[in-house]
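This is a predicted model, so every value here is computed, not measured.
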Amino acid sequence: MLVFCLILVLLLLFVASSIFITVMRGYIPPIPSSKGVRTEILKQIQEMDLPVVSIAEIGCGYGFILFQLARRFPKAQIIGFEVAFTPYLFCRICQIIGRFKNVRLIYGDAFEQMEKRNLIVDIGIVYLINTPVVIQQVENLYQKHIKQTLIVNSYPLKMYKPIRVVGPLDIFKSKLYLYKKQNDKNF
């Protein structure tokens, strides 16, 4: 019993220190999306009725949406970006245990990594906080690195008008904001 308690305390310290370091580096700690939001994201992507080749989740946290996307779209490449080490490690373990061959995890700042790797994806998903710097980074990412659609959880972008707003989806009154590039008229 003592060994179990010691392992639990060490695990909690590891998670707490990871969250503390993430916040101190100026990033957002992992905030899980509610079940209602996760369900609606999957529904919205399916309703697009477009060939989904690649989906990026910016800040995939512990992978709740990431691995649902991998199961629902087995032929698509699902890319998860995470800047906090503990959630990244958790996702990596889930990826290995679940044998998700269509999941690619990238540890680091999604905005920097997409630019550095010149990644362009069909669909982007992000849980947005309402800070001007982050909103501008997401707008730049949408402009340069997303071909079709951006799904934003919680707050709208400032520079673009959503084509659809869905919600409230949970007790927190979360909404999804869907942005679509003009060149794709199937949505």
Side-chain angles (χ1 to χ4, degrees), residues 18-45 47-48 52 54-66 68-69 78-88 91 104-184 187:
S18 175
I19 291 170
F20 178 75
I21 291 168
T22 301
V23 171
M24 293 308 294
R25 289 175 51 204
Y27 295 109
I28 305 154
I31 305 167
S33 297
S34 69
K35 185 178 191 285
V37 168
R38 294 190 311 261
T39 301
E40 191 62 36
I41 287 172
L42 294 169
K43 179 182 167 197
Q44 291 299 322
I45 294 172
E47 287 180 0
M48 289 179 202
V52 178
S54 57
I55 303 172
E57 185 179 6
I58 295 33
C60 64
Y62 292 95
F64 297 119
I65 294 173
L66 187 77
Q68 285 184 4
L69 290 167
I78 312 299
I79 305 167
F81 294 91
E82 183 51 57
V83 73
F85 182 72
T86 303
Y88 170 80
C91 282
R104 179 176 171 200
L105 292 168
I106 299 175
Y107 177 65
D109 184 293
F111 308 113
E112 292 172 8
Q113 293 295 324
M114 288 187 88
E115 190 68 32
K116 177 179 154 184
R117 298 165 190 250
N118 197 27
L119 283 176
I120 297 174
V121 296
D122 295 313
I123 298 168
I125 301 167
V126 63
Y127 192 139
L128 189 62
I129 62 162
N130 197 14
T131 62
V133 172
V134 175
I135 290 173
Q136 185 171 11
Q137 286 177 316
V138 172
E139 288 173 343
N140 291 339
L141 183 124
Y142 177 56
Q143 189 175 29
K144 294 180 181 179
H145 298 282
I146 297 173
K147 277 197 273 187
Q148 296 174 10
T149 305
L150 176 65
I151 301 173
V152 179
N153 183 358
S154 293
Y155 294 98
L157 300 178
K158 302 291 183 211
M159 214 165 80
Y160 298 97
K161 186 176 191 262
I163 60 157
R164 186 179 305 151
V165 178
V166 181
L169 299 168
D170 53 29
I171 61 169
F172 305 107
K173 299 185 179 176
S174 301
K175 293 181 182 178
L176 291 180
Y177 299 86
L178 285 81
Y179 299 89
K180 188 80 175 147
K181 296 278 177 105
Q182 294 297 328
N183 58 356
D184 196 343
F187 190 60

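Interatomic distance, CD1 of I55 versus CD1 of I146, reported as 11.5 Å (0.5 Å rounding). Annotation: the span from R104 atom CZ to S54 atom OG amounts to 10.5 Å, rounded to 0.5 Å. A distance of 11.0 Å separates CZ in F111 from CD in Q136, rounded to the nearest 0.5 Å. Between atom CD of residue E57 and atom CD of residue Q68 there is a gap of 10.0 Å, rounded to the nearest 0.5 Å. In this structure, CD1 on I120 lies 12.5 Å from CD on Q148, to the nearest 0.5 angstrom. Distance CD/Q44 to OG1/T149: 10.0 Å, rounded to 0.5 Å.
The side chain to side chain contact (heavy atoms under 4.5 Å, CB included) test with I125 is passed by exactly one of L69, I58, V152: L69.
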Working for side chain to side chain contact (heavy atoms under 4.5 Å, CB included), residues Q137 and V133 = CA-CA 6 Å; Q137 286 177 316; V133 172; 4.3 Å; yes
Run the numbers on V121 and M114 for side chain to side chain contact (heavy atoms under 4.5 Å, CB included), then give the verdict.
-> CA-CA 10 Å; V121 296; M114 288 187 88; 4.1 Å; yes
Verify side chain to side chain contact (heavy atoms under 4.5 Å, CB included) between K35 and T39, making sure each step is shown before the conclusion.
-> CA-CA 6 Å; K35 185 178 191 285; T39 301; 4.1 Å; yes
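At least one side-chain heavy atom of K144 sits less than 4.5 Å from a side-chain heavy atom of E115.
Panel note: side chain Q113, backbone G108; no donor-acceptor pair is recorded below 3.5 Å. Panel note: side chain D122, backbone K147; no donor-acceptor pair is recorded below 3.5 Å. Looking at E82, its side chain never comes within 3.5 Å of a backbone N or O of L105 through a donor-acceptor pair.
Cation-pi check for K181 over Y142 is met; the charged atom lies under 6.0 angstrom from the ring centroid and within 45 degrees of its normal.
Here the shortest heavy-atom pairing between C91 and C60 reads SG-SG, 4.1 Å. Here the closest non-hydrogen pair linking P156 and Y179 is CA-OH, 3.3 Å. In plain terms, the two heavy atoms of S154 and Y127 that are nearest each other are OG-CE2, 3.5 Å. Of all the heavy atoms in V126 and L150, the pair that sits closest is CG1-CD1, 4.3 Å. Residue Y177 comes nearest to P162 through the heavy atom pair CD2-CG, 4.1 Å, listed as atom of the first residue, atom of the second, then distance. Nearest heavy-atom pair across L66 and I78 is CD1-CG2, 3.5 Å.
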Donor-acceptor list for residues 166-176 side chains, cut-off 3.5 Å, not counting sequence neighbours:
| residue | atom | partner | partner atom | Å |
| --- | --- | --- | --- | --- |
| D170 | OD1 | F172 | N | 3.0 |
| D170 | OD1 | K173 | N | 3.1 |
| D170 | OD1 | S174 | N | 3.0 |
| D170 | OD1 | S174 | OG | 3.1 |
| D170 | OD2 | S34 | OG | 2.6 |
| D170 | OD2 | S174 | OG | 3.0 |

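Relative orientation of the Y88 and Y107 rings is tilted, given thresholds of 30° and 60° on the angle between their planes.
Within 6.0 Å of atom OH in Y155, 12 or fewer heavy atoms from other residues, nucleotides or ligands are found, so the atom counts as exposed in its surroundings.
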